[in-house]
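Every chain is numbered from 1 and lettered A, B, ... according to where its sequence line falls, protein lines coming before strand lines.
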Amino acid sequence: MKRIAAVTLVLGLVLAASGRAGAADPPVIRIGWSVPAQTQHYVMMKKPGILKHYGKAYKADWVNFPGSVAIIQAIASKNLDAGGISIVPLARTIEQKAANLKIVADMMSERKGGFQTTWVTLESSGIKTIADLKGKTMGVAGYGSTTDLLARAILRKNGIDPDRDVKRVEVPFPVMESAMRKGDIVAGELAQPFYANAKARGGIRELFTAQEVLPVLPLLVEAFTAEFMAAHPQAVKAFLEDYVTALDFARDPKNRDEVVGIVAEVSKLPRDVLATFLLTPQDYFMSPDAMPDVEAIQKTLDFLKEGGVLKTQLDAKSMVDVSLHPRAKR
Amino acid sequence: MAASAAKIVVRGLAKEFADRTTGRAVPAIGGLDLDVLAREFVCLLGPSGCGKSTLLYVLGGFVSATAGTVLIDGKPVGPPGPDRGIIFQEYALFPWLTVLDNVMYGIRGAASPAERRARAEALIAKVHLNGFEGHYPRHLSGGMKQRVAIARTLAHDPDILLADEPFGALDTQTRTLMQEELLRIWEADRKTILFVTHSVEEAVILADRVVVMTARPGRIKADIAVPLPRPRDYDALVRDPVAIELRAELWRLVKEEVVRARGAG
Amino acid sequence: MSAAAARPAWRALLRLRRGYSVLLVLAAWETASRAGAVNTFLLPPASEVLVNLWNLATEGRLLFHLAESLLRVAAGLGLAVAAGIPLGLWKARSRLADAVLDPVMAFWFPVPKVGLIPLALLFFGFAHGSKIALVFADALLPLVVATYHGALHTDRRLIWSARAMGDSERRILWRVVLPAALPQIFTGLRLAVTVSLLVVFLAEMVASSSGLGHVMIYALRTLETKDVFSALVTISLIAFLADWLVIQARRRVLVWHA
Amino acid sequence: MNGAEEAAGKRRAARIGGATIVIAVLALWEGVSAGGFVDEQVLPRVTVVAAAWWELLLSGELPAQVASSLGRQAAGFSIAVVVGVVLGIAMARYRAIDDFAGPLITMILPIPKAALIPLVMLWFGIGDVAKTIVVFLGTILPVVVSAYHAAGSVDQVFLWSARSMGDNEAQLLRRVVLRAALPEIMSGIRMGLIISLIVLVGAEMLAGRGGIGWLVFYTLDTGAYRVTYAAMLTIAAIGFAYDRLFLAISRRLLHWVEQE
């Protein structure tokens with residue numbers, strides 16, 4: 001008697017743990033997100049009411065990670081099915097066959113018409129051109145990050161060896177402006193919202209952006225594992241429709257106040273700081289059709305190959321799968 | 001065979017220690033023979049560092065011999081067990097237990113907790129500590145602690161009592177009282193006792209036989225019977241000519257070894 | 001009969017005996033990775049990591065970063081020892097100091113110091129200062145606590161004997177209480193060494209341009225898993241060596257201790 | 001002359017001293033930030049942090065995050081105490097266990113947990129189990145080291161006495177070694193308790209589903225430092241409360257220890 005009860009209990013627990021107790025439940029998409037610049041995700045998380053399919057065709061388990069690399073590790077260890085990921089780690093993942101990821105939608109890019117990560121100096125620093133940086137100390141937000149790779153290319157293009165001619169120290173984004181004003185570094189990179197903040201306080205001069213080496217940098221994309229797409233195409237299709245809905249909602253000027261509030265809530269940053277740039281031309285560029293820019297991705301891959309970051313030549317077309325995208329031309 | 005009748009038989013016992021700094025082997029006991037009869041009270045006397053305590057620890061099963069045989073009741077000495085009780089100079093009372101709990105610690109096999117408690121209380125009464133059952137060791141004087149230790153050792157009713165200078169840290173008055181108390185307890189049930197001491201007086205008052213050891217490496221130097229009647233009266237022994245003679249003889253033997261040890265050191 | 005004759009061979013075997021579990025783990029790691037039981041991106045084979053480590057080491061850069069990390073640990077730990085032991089002694093000997101320090105420490109120590117990294121960067125600089133400060137802040141706790149406990153339980157007879165010999169309270173602190181507390185202080189030091197290594201690598205991962213932690217985070221960002229594990233193995237070896245050194249020092253200093 | 005009066009006086013002095021230190025630190029903080037010595041973005045003023053803390057408290061976010069963390073912390077800490085004490089004593093008593101576990105412990109525990117996160121994900125997922133394991137790994141070190149040293153230095157006469165009273169190995173360990181080692185083990189556990197709160201940050205950055213440690217790391221990343229400091233102070237306050245509770249329990253448990 002006791003044994004039967006125990007076996008039943010164990011079986012019950014196993015079933016409950018496997019999460020497939022009710023066959024009628026929609027599939028759960030385990031999806032990784034991070035801050036900043038994933039506005040589409042934040043809207044989906046905080047306003048599921050506007051989404052047509054949520055809870056019916058799929059459910060989402062939103063998990064925050066400190067960045068793309070952590071999301072990729074979680075995907076490789078089969079703890080996630082999807083995530084908003086930066087293009088460089090994504091390319092490295094595919095190159096190493098660490099996970100079979102497909103780009104299914106655009107999230108944000110750095111290009112004219114939107115904000116681009118900007119290398120700045122103080123107006124009083126006397127630095128006018130990139131060449132003036134020779135022998136000086138500059139701040140890098142993260143060695144080996146995408147923006148770092150771009151900065152190195154730009155420095156080299158301007159006749160400065162990034163390893164010899166300048167001293168580059170790692171400074172977290174939130175400290176960059178203070179370090180510069182304090183004189184610990186003469187120049188540094190600023191992403192949003194730190195750029196907006198620094199600009200508001202004044203005395204900042206722009207030195208360069210990635211424009212010079214990559215006119216369009218598709219920085220963040222939405223990616224799914226091929227396995228999940230094959231197993232649950234309807235769920236992914238429904239998710240992408242909702243994703244576009246959230247994008248449209250965010251881009252609609254009459255919702256701006258609400259979206260700023262959502263981002264403030266998610267990022268815990270002060271609302272008034274966010275309001276100065278969010279969803280303006282000073283914000284990162286979100287493509288209205290949410291379609292991945294295959295050409296720009298290819299150019300980025302080529303650039304990475306040239307710079308030695310990628311060892312193999314990757315093909316953007318094979319990395320992108322828009323077969324379930326609601327705005328794909330068929 | 002006379003030897004097989006003895007309770008404890010030691011033959012050719014040797015013990016070496018490794019020096020912690022040099023790593024060399026240092027002999028503590030070198031080829032020692034000793035017989036102790038059942039119900040005999042034997043005192044081990046010798047200069048400091050002659051291996052008296054080591055011999056006791058080998059008998060207790062705490063340390064193993066480098067060479068030689070040690071038999072108890074005809075069997076090789078085994079790991080420590082309740083058949084051999086030990087009393088240390090440092091009392092070794094568990095500071096986290098009360099007097100009662102310390103004494104109850106070694107009582108096993110009793111039918112019920114109440115029975116164990118009753119036995120422990122009886123032993124506490126035997127060492128005159130009634131009323132201190134709930135005290136922790138830190139609240140007791142040295143003599144009281146040692147009485148608790150004796151009660152605790154008696155609680156598991158050992159066959160053999162090994163005492164390692166148990167009264168060495170006590171003042172003279174307390175020491176005298178404790179000696180009398182130990183004799184009173186011993187005369188009631190006559191356990192085999194091997195008692196290590198560096199006091200000639202103590203050995204004469206307590207022992208049936210005094211074994212004098214040489215300086216390191218320890219061997220038997222002399223084995224002297226104490227022909228004094230029991231029960232012994234402390235005050236009488238102070239003036240007893242036999243006792244006086246014996247003390248002088250023992251002191252002479254020990255002194256030789258002390259001088260020798262100093263010369264060697 | 002005596003073990004003296006066979007000693008050299010025995011010594012060698014004893015050494016091996018203390019390392020075999022590490023070899024076992026390496027073997028299990030290698031097998032798991034080779035057999036395809038785990039994603040090699042997350043756990044590359046041990047042999048490849050070791051080869052990679054050898055290449056990095058002979059290239060020289062790794063040794064530079066290692067030296068940077070060790071310098072920071074040595075400085076931070078040294079400061080923590082210099083401050084922690086007197087603080088612990090003082091806390092144990094003065095009731096007033098204990099009453100004031102205890103709540104302050106109880107509040108300060110649980111603060112996750114990683115949150116202070118930005119501040120440390122601005123106050124102590126981007127190079128060594130900020131990391132040394134963080135190592136100091138976290139290594140202090142085990143040293144103060146251990147010294148305090150060791151000093152608190154000093155046999156009062158020792159203190160009284162010293163007093164009777166006319167020693168001043170300060171002299172007693174250094175000549176009696178400190179030696180009596182040494183066994184516990186070494187326990188604290190063992191912990192502090194491990195904590196220091198942990199903190200320095202963590203601090204270097206959050207913001208640094210050199211050090212093993214920096215090597216590791218750079219490798220993580222560029223998804224060079226083999227480099228990540230090479231740094232990990234180096235850290236493990238360093239930790240093992242540091243611990244061994246503390247144990248040896250303990251043995252040397254505490255010859256009188258049972 | 002009057003000992004009780006003197007003690008009360010010292011306590012009062014200590015309380016005043018402690019309060020003075022707290023007020024001085026807070027005033028210094030406010031001054032440094034408001035006076036522009038440190039950028040307010042990096043070190044927000046005390047008043048700003050306090051306001052953020054109050055806001056988080058009222059919105060219910062702070063209590064929720066704390067509650068979700070304390071479960072993990074308590075679980076990881078408890079397992080670390082049990083495993084650490086047992087392992088430490090076993091290592092001190094049995095050479096074979098020491099030889100096996102000793103090198104592994106010294107080699108694995110100093111690795112920053114952030115670097116182990118991929119492996120933790122691989123074997124334990126990204127749920128509470130994984131986070132509890134990270135807390136456990138971070139917390140066990142002081143417990144195991146103190147138990148090891150304490151059990152290794154238990155007075156020989158205790159062990160021999162217990163043996164000669166018929167204790168078998170299990171009884172000896174439980175009734176003598178554990179008890180005799182308890183004072184030092186407790187100081188290791190006290191450290192472990194404090195560290196368990198610190199490592200929450202590392203554990204909860206594993207995969208963010210909330211928690212007070214997650215809040216620290218997350219806002220450190222976004223630059224919302226007023227929240228970072230509010231969360232850090234909350235952790236410190238919890239640590240303080242824990243420590244006082246621990247001391248009270250410890251005093252009861254160790255009442256037999258002889259102190260000057």
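- Ranked by heavy-atom pairs under 4.5 Å with chain D, the list A/P172, A/P193, A/P36, A/P174 is led by A/P174.
- When heavy atoms are compared at a cutoff of 4.5 Å, A/P66 approaches chain D by way of both its backbone and its side chain.
- For D/W123, no part lies under 4.5 angstrom from a heavy atom of chain A.
- Using bins of under 30°, 30° to 60° and over 60° for the plane-to-plane angle, the ring pair A/H232/A/F228 lands in the tilted bin.
- Contacts between A/L80 and chain D at a heavy-atom distance below 4.5 Å involve the side chain alone, from C-beta outward.
- Per-residue heavy-atom pair counts under 4.5 Å with chain A were compared for D/I126, D/L122, D/L56, D/T219, and the maximum is reached by D/I126.
- By number of non-hydrogen pairs under 4.5 angstrom with chain D, the leading residue of A/R30, A/E177, A/K78 is A/E177.
- A donor-acceptor contact shorter than 3.5 Å links the side chain of A/Q40 to the backbone of A/M107.
- Most heavy-atom pairs under 4.5 Å with chain A, from the set D/I117, D/D221, D/L119: that is D/D221.
- Between A/F194 and A/F173, the ring planes lie parallel to each other; the angle is under 30°, not in the 30° to 60° tilted range.
- A salt bridge does not link D/R226 to D/E55: none of the charged side-chain nitrogens sits closer than 4.0 Å to a carboxylate oxygen.
- The candidate with the highest count of non-hydrogen atom pairs below 4.5 Å against chain D, out of A/D61, A/V273, A/V69, is A/D61.
- Between A/F115 and A/F277, the distance from one ring center to the other does not fall under 6.0 angstrom.
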